[in-house]
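The shown structure was predicted, so the numbers you read here are calculated from the model rather than taken from an experiment.
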Amino acid sequence: MVLSVAPVGEYDRRVVILTKEQGKISAFAKGSRRPNSPLVGAVNPFTFGEFTMYEGRSSYTIQSVNVSNYFSELRADVVGAYYGFYFLEVANYYARERNDERELLKLLYQTMRALTNPHLPNQLIRYIFELKVLTINGQGPQVFQCVQCGDRTRPAVFSAAKGGLVCNECDGEVRDGMFLDGSTLYTMQYIESSTIEKLYTFNVKPEVLEKFGRVMGRLMKMYVDKEFKSLEILETLL
């Protein structure tokens with residue numbers, strides 16, 4: 001999937017692509033800014049498909065693209081598009097070159113599909129995506145037992161600083177403890193343990209969405225040391 005595009009010279013583009021086999025790749029789409037180029041509509045953000053490239057000394061060059069999905073619905077929805085741009089930016093932040101990124105690519109594709117579903121709130125899609133990205137990258141919080149002693153039965157609070165649940169016998173040093181109701185906790189457990197294909201199959205009540213959003217705000221602030229331009233623009237639109 002195309003993560004970002006930038007003009008180069010008079011007629012070319014530099015494209016960043018997330019691939020299954022090689023992770024994040026930077027490639028040149030030569031002549032793709034010419035109106036008659038076969039690549040003119042294929043190297044835009046959100047484009048998903050098979051890219052044929054050849055590797056030069058220092059970079060890849062795109063020869064052709066067999067597009068599976070343009071996600072054209074997002075181009076007609078400004079808010080949905082900026083949610084999409086935010087997801088692309090997060091994927092770009094986490095993806096690594098020459099790394100197996102099939103889980104991240106699958107998550108990104110299913111998330112874009114979810115954005116085109118009118119029955120799912122965009123905010124819920126965002127929080128699900130964020131939590132699953134953290135989980136894929138080994139930063140998912142412990143939401144099944146106390147991070148200190150492993151207890152599963154005692155009342156607990158959620159601490160982003162401690163990395164998850166802390167039971168009432170271990171929470172003496174917790175400064176950011178947040179009580180999670182059963183529905184919010186179950187939502188997080190489901191997201192962390194489910195396959196990507198089953199992520200976007202449910203909705204939640206407004207109060208659960210609000211609490212889930214507060215949790216994800218703390219987690220993303222803790223683990224992501226970057227300001228995303230698309231998120232800044234999105235927040236001005238909401």
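Note on Val224: it clusters hydrophobically with Leu219, by side-chain heavy-atom contacts below 4.5 Å among ILVMFWY residues. Residues Leu18 and Tyr83 share a hydrophobic cluster, clusters being chains of Ile/Leu/Val/Met/Phe/Trp/Tyr side chains in contact below 4.5 Å. Under a hydrophobic-cluster definition in which Ile, Leu, Val, Met, Phe, Trp and Tyr are linked whenever side-chain heavy atoms come within less than 4.5 Å, directly or via other members, Val40 and Met53 are assigned to different clusters.
Side-chain polar atoms of Thr116 and Glu73 form no donor-acceptor pair below 3.5 angstrom. In summary, the side chains of Tyr60 and Ser26 do not present any donor paired with an acceptor at a separation below 3.5 Å, with no hydrogens or angles considered.
Side-chain atoms of Val67 and Phe48, non-hydrogen and from C-beta on, never get closer than 4.5 Å to each other. With a 4.5 Å cut-off on side-chain heavy atoms, Glu192 and Leu131 count as touching. Put simply, the side chain of Phe228 does not reach to within 4.5 Å of the side chain of Phe87, judged on heavy atoms. Using a 4.5 Å cut-off on side-chain heavy atoms (C-beta onward), Leu124 and Ile128 make contact. Arg154 is listed as a side-chain neighbour of Cys149, based on a closest heavy-atom distance under 4.5 Å. For the pair Thr19/Leu105, no side-chain contact is recorded, criterion being any heavy-atom separation below 4.5 Å from C-beta on.
Relative ring orientation between Phe202 and Tyr190 is described as perpendicular, the plane-to-plane angle rising above 60° on a 0-90° scale split at 30° and 60°. Using cut-offs of 30° and 60° for the angle between ring planes, the Tyr109 and Phe71 rings count as perpendicular.
Distance CD/Gln189 to OG1/Thr184: 11.0 Å, rounded to 0.5 Å. One finds the CG atom of Asn92 at 5.0 Å from the OG atom of Ser4 (value rounded to the nearest 0.5 Å). Taken from CG in Asn137 to OH in Tyr223, the straight-line distance is 11.5 Å, to the nearest 0.5 Å. Atom CG of Leu108 and atom CD of Glu103 lie 12.5 Å apart (nearest 0.5 Å). If you take CZ on Phe85 and CG on Leu231, they are separated by 14.0 Å, rounding to the nearest 0.5 Å.
Checked against the 6.0 Å centroid criterion, the rings of Phe179 and Phe158 do not qualify as a close aromatic pair.
Salt-bridge formation is not detected for the pair Glu130/Arg218: no Lys NZ or Arg NE/NH1/NH2 atom is positioned less than 4.0 Å from an Asp or Glu carboxylate oxygen. A salt bridge is absent between Lys229 and Glu232; no separation between the charged side-chain nitrogens and carboxylate oxygens falls under 4.0 Å.
In this structure, Arg126 is positioned above the aromatic face of Tyr86, its NZ or CZ under 6.0 Å from the six-membered ring centre and within 45° of the axis. By the 6.0 Å and 45° rule, Arg34 stacks over the aromatic ring of Tyr11.
More than 12 heavy atoms of other residues, nucleotides or ligands sit less than 6.0 Å from atom OH of Tyr93. Atom CZ of Arg14 sits in a sparse spot, with 12 or fewer heavy atoms from other residues, nucleotides or ligands closer than 6.0 Å. Within a 6.0 Å sphere centred on CZ of Arg98, other residues, nucleotides and ligands contribute 12 heavy atoms or fewer. Few gaps surround CD on Glu197; more than 12 heavy atoms of other groups in view lie less than 6.0 Å from it.
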* Quick one: do Tyr200 and Ile125 satisfy side-chain contact (heavy atoms from CB on, under 4.5 Å)? Show the steps, please. => CA-CA 7 Å; Tyr200 300 107; Ile125 296 169; 3.9 Å; yes
side-chain contact (heavy atoms from CB on, under 4.5 Å) between Met112 and Leu74, worked out: CA-CA 9 Å; Met112 295 304 175; Leu74 298 180; 4.1 Å; yes
Candidate pair Gln148 and Asp171, rule side-chain contact (heavy atoms from CB on, under 4.5 Å), full reasoning: CA-CA 9 Å; Gln148 301 284 86; Asp171 64 1; over 6 Å; no
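For the pair Ile62 and Ala27, the tightest heavy-atom approach, listed with the atom from each and the gap, is CG1-CB, 3.8 Å.
Paired with Tyr94 under the rule side-chain hydrogen bond (donor to acceptor under 3.5 Å, both in side chains), one option of Gln139, Glu101, Lys24 passes, and it is Gln139.
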